[in-house]
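Would you mind keeping the following structure in view while I ask a few things?
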Amino acid sequence: MPDTLLLDNSHAGICLVTLHRPEVLNALNTRLLGELAAELERLERDDSCRAVVLTGSRKAFAAGADINEMAERDAVGILNDPRVACWQQISRFSKPLVAAVNGFALGGGCELAMHADIIVAGVDARFGQPEINLGIMPGAGGTQRLLRAVGKSMAMQMVLTGEPIDARTAQQVGLVSEITQPEFTVERAVQIAQAIARKAPLAVRLAKESLLKAMDTDLASGLRFERHAFTVLAATDDRREGISAFREKRAPVFTGR
Ligand code: CAA
């Protein structure tokens, strides 16, 4: 059992993963990142899990990399940092990932939230990349994913000043899809995950992959990928079932084939 995560499988098709280092506002140390990467790898293979919701506490989603752990690492330590492999593993997760963010999502915490496909934020959430205040810069995708999510000017402002933005601003710039009262953030994220979990799994997987392609490829290649994925889905049982169910005015029963 993981030490730094709480796992809740009580919602059908969904695994709710809660970061749990309350004494340090869920600071991301090697252990937590390793346990999260391992848990996502396990959920990747678990057919009963259709989508994952990732959350923290009411005060903090995560306040960034564990600064005490960082203080123990010199340049060589950073070069061989085991957390890099964890981040890579987390970024490969192919099922839908919804983040429910309350409180601080700073540094690595903001970068972790940006690994999610959808971010739902409590109205008191704060997103920031304060690494510049420590004489460093974001190192887990904070310059690349943030710029793609919020555009150049806001990404520059956040990374170069280190000042966080509030949930409303995060929604205006497109980092967050919905804002809720903090007590409902997880509930809303679970609802969204459940809505996705009811869809055809292969269509969900390929649609996610295709949308992510748009972040790192040119339009022509992205369109080629989309056409290919669309064609692959044409041969699935779930496409036949979806169309039949519509015409027979009933709910579809998707099997993932
Ligand atoms: N690492 C380790 N410990 C942390 C931490 C972190 N990132 N953030 C908070 N804590 C600890 C505090 O040291 C404190 O511990 P003690 O009770 O033992 O003193 C406890 O959590 C509670 O924090 P505060 O008392 O500071 O709470 P606050 O409400 O006054 O302030 C805060 C909250 C503004 C988030 C403040 O804690 C803070 O600025 N934290 C650091 C944020 C930061 O700089 N993150 C970026 C880290 S670098 C990074 O993330 C790089 C990367 O991934 C690649």
Side-chain angles (χ1 to χ4, degrees), residues 2-6 17-40 54-93 97 99-116 119 121-150 154-170 175-176 182 185:
D3 249 12
T4 58
L5 304 175
L6 304 176
V17 178
T18 303
L19 308 177
H20 190 64
R21 294 189 75 211
E23 66 288 359
V24 285
L25 306 183
N26 293 330
L28 306 170
N29 62 359
T30 305
R31 180 168 199 129
L32 186 154
L33 282 172
E35 290 186 345
L36 180 60
E39 187 55 27
L40 291 179
L54 180 63
T55 194
S57 70
R58 282 287 286 278
K59 179 161 183 190
F61 177 75
D66 188 312
I67 297 174
N68 298 321
E69 194 183 61
M70 276 170 61
E72 291 162 12
R73 288 215 169 90
D74 57 12
V76 177
I78 296 281
L79 206 61
N80 301 313
D81 193 337
R83 293 173 308 169
V84 174
C86 300
W87 283 112
Q88 285 168 347
Q89 179 72 47
I90 293 166
S91 69
R92 282 196 292 270
F93 188 61
L97 182 60
V101 175
N102 284 318
F104 298 109
L106 301 178
C110 186
E111 291 169 309
L112 180 58
M114 288 191 290
H115 278 68
I119 304 177
V123 70
D124 64 350
R126 296 282 176 279
F127 295 85
Q129 299 290 163
E131 290 90 341
I132 205 86
N133 298 325
L134 301 173
I136 55 172
M137 60 174 275
T143 60
Q144 303 305 301
R145 289 195 182 87
L146 188 66
L147 188 133
R148 284 164 170 80
V150 307
M154 182 58 87
M156 285 283 183
Q157 185 172 326
M158 288 172 70
V159 171
L160 301 185
T161 69
E163 287 169 11
I165 57 173
D166 62 19
R168 298 241 177 262
T169 309
L175 182 60
V176 156
T185 316

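As the structure is a computational prediction, the values presented were derived from the model and not from experiment. For reference, positions follow the sequence shown, starting with 1. One-based numbering, in listed order, for ligands and for the atoms of each.
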Item to check | Min side-chain heavy-atom separation Thr185-Val101 under 4.5 Å | outcome: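 No, too far: nothing below the 4.5 Å cut-off.
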Checklist entry - Side chain, backbone, both or neither: which part of Ala63 has a heavy atom under 4.0 Å from ligand 1? => result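 Both of them.
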Checklist entry - Is a donor on one side and an acceptor on the other found under 3.5 Å between the side chain of Glu111 and the backbone of Ala140? => result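 Answer holds: yes.
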Next on the checklist: Strictly less than 4.0 Å: does any protein heavy-atom distance to atom 39 (O) of ligand 1 fall in that range?
Outcome noted: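 Within 4.0 Å: no protein heavy atom nearby.
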Item to check | Exercise check, heavy-atom protein proximity under 4.0 Å to atom 35 (C) of ligand 1 | outcome: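 True for atom 35 (C) of ligand 1.
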Item to check | Per-atom contacts, ligand 1 versus Lys59 - under 4.0 Å to a heavy atom | outcome: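 In order of numbering, the contacting atoms are 27 (O), 28 (P), 29 (O).
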Checklist entry - What heavy-atom pair brings Leu97 and His115 nearest, and what distance separates the two atoms? => result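 Scanning both residues completely, I find the closest heavy atoms to be CD2-O, 3.8 Å.
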Checklist entry - With a cut-off of 6.0 Å (strictly less than), are more than 12 heavy atoms of other residues, nucleotides or ligands near CZ of Arg73? => result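 Yes, because the 6.0 Å sphere around CZ of Arg73 holds more than 12 heavy atoms from other groups.
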Item to check | Close-contact set for ligand 1 against Glu111 heavy atoms, below 4.0 Å | outcome: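 Per the distance check, 52 (C), 53 (O), 54 (C).
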Next on the checklist: Going by the closest heavy atom to atom 10 (N) of ligand 1, which one wins out of Asn68, Val24, Leu112?
Outcome noted: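 It is Val24 whose heavy atom sits nearest to atom 10 (N) of ligand 1.
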Item to check | Region of Leu134 that comes within reach of ligand 1 [heavy atoms, distance under 4.0 Å] | outcome: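 For Leu134, the contact with ligand 1 is made by the side chain alone.
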Checklist entry - Does Asn29 use its side chain to pair, donor to acceptor, with the backbone of Asp66 at less than 3.5 Å? => result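 Absent.
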Item to check | Test item: protein heavy atom less than 4.0 Å from atom 54 (C) of ligand 1 | outcome: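 Flag for atom 54 (C) of ligand 1 set to true, protein heavy atom closer than 4.0 Å.
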Next on the checklist: Looking at Thr30, is its backbone amide N or carbonyl O close enough to the side chain of Glu69 to form a donor-acceptor pair, meaning the two atoms are under 3.5 Å apart?
Outcome noted: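 Yes: the side chain of Glu69 pairs with the backbone of Thr30.
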Next on the checklist: Which residue and atom name correspond to the protein heavy atom nearest atom 24 (P) of ligand 1, and how close is it?
Outcome noted: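 The closest heavy atom on the protein side is Leu25 CD1, 4.5 Å.
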Next on the checklist: Can a donor-acceptor pair be found, under 3.5 Å and without considering hydrogens, that links the side chain of Arg21 to the backbone of Thr4?
Outcome noted: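 A pair under 3.5 Å: no.
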Item to check | Student check: side-chain heavy atoms of Pro182 and Val123 closer than 4.5 Å | outcome: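 Yes, at least one pair of side-chain atoms sits under 4.5 Å.
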Checklist entry - Less than 4.5 Å apart, any side-chain heavy atom of Leu28 and any of Arg83? => result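 When only atoms from C-beta onward are counted, Arg83 and Leu28 do not touch, as no gap falls below 4.5 Å.
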Checklist entry - Just going by heavy-atom distances, which of Val84, Ile67, Asn133 is nearest to atom 1 (N) of ligand 1? => result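 It is Ile67 whose heavy atom sits nearest to atom 1 (N) of ligand 1.
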Next on the checklist: Below 4.0 angstrom, counting only protein heavy atoms, does anything approach atom 18 (O) of ligand 1?
Outcome noted: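 Looking at atom 18 (O) of ligand 1, one finds that no protein heavy atom lies closer than 4.0 Å.
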Checklist entry - Which is closest to atom 52 (C) of ligand 1 in terms of heavy atoms, Gly142, Ala65, Gly64? => result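 Nearest option to atom 52 (C) of ligand 1, by heavy atoms: Ala65.
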Checklist entry - Against heavy atoms of Gly108, which atoms of ligand 1 measure under 4.0 Å? => result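 Going through ligand 1 atom by atom, the ones under 4.0 Å from Gly108 are 49 (C), 50 (O), 53 (O).
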Item to check | Nearest protein heavy atom under 4.0 Å from atom 43 (C) of ligand 1, yes or no | outcome: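 Yes.
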Checklist entry - Quick one: does Glu23 get within less than 4.0 Å of ligand 1, heavy atoms only? => result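 It does; at least one heavy atom falls under 4.0 Å.
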Next on the checklist: Any non-hydrogen side-chain atom of Leu25 less than 4.5 Å from a side-chain atom of Leu106?
Outcome noted: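 In short, these two side chains do not touch, never coming nearer than 4.5 Å.
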Checklist entry - If we only count N/O pairs under 3.5 Å, is Leu106 in contact with ligand 1? => result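 Leu106 vs ligand 1: no N/O contact under 3.5 Å.
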Next on the checklist: Are Leu40 and Gln89 packed together at the side-chain level, in the sense that at least one heavy-atom pair is separated by less than 4.5 angstrom?
Outcome noted: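 They are not in side-chain contact.
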Checklist entry - Hey, is atom 29 (O) of ligand 1 touched by any protein heavy atom at less than 4.0 Å? => result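 At least one protein heavy atom is under 4.0 Å away.
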Next on the checklist: With the threshold set at under 4.0 angstrom, would you say Pro130 reaches ligand 1 through any of its heavy atoms?
Outcome noted: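 Yes, Pro130 has a heavy atom closer than 4.0 Å to ligand 1.
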Checklist entry - So, for atom 13 (O) of ligand 1, does the protein have a heavy atom nearer than 4.0 Å? => result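 Within 4.0 Å: no protein heavy atom nearby.
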Next on the checklist: Quick check: closest heavy atoms across Pro130 and Gly107, and the distance to 0.1 Å?
Outcome noted: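 It is CD-N, 3.3 Å.
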Next on the checklist: I'd like to know whether ligand 1 has Glu69 as a neighbour, heavy-atom separation below 4.0 Å.
Outcome noted: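 The answer is no, since Glu69 has no heavy atom less than 4.0 Å from ligand 1.
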Checklist entry - Any protein heavy atom sitting closer than 4.0 Å to atom 26 (O) of ligand 1? => result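 Answer no: nothing from the protein, no heavy atom, is under 4.0 Å.
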Item to check | Whether Glu131 side chain and Ile136 backbone form a donor-acceptor pair below 3.5 Å | outcome: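 Checking the backbone N and O of Ile136 against the side chain of Glu131, no donor-acceptor pair under 3.5 Å is found.
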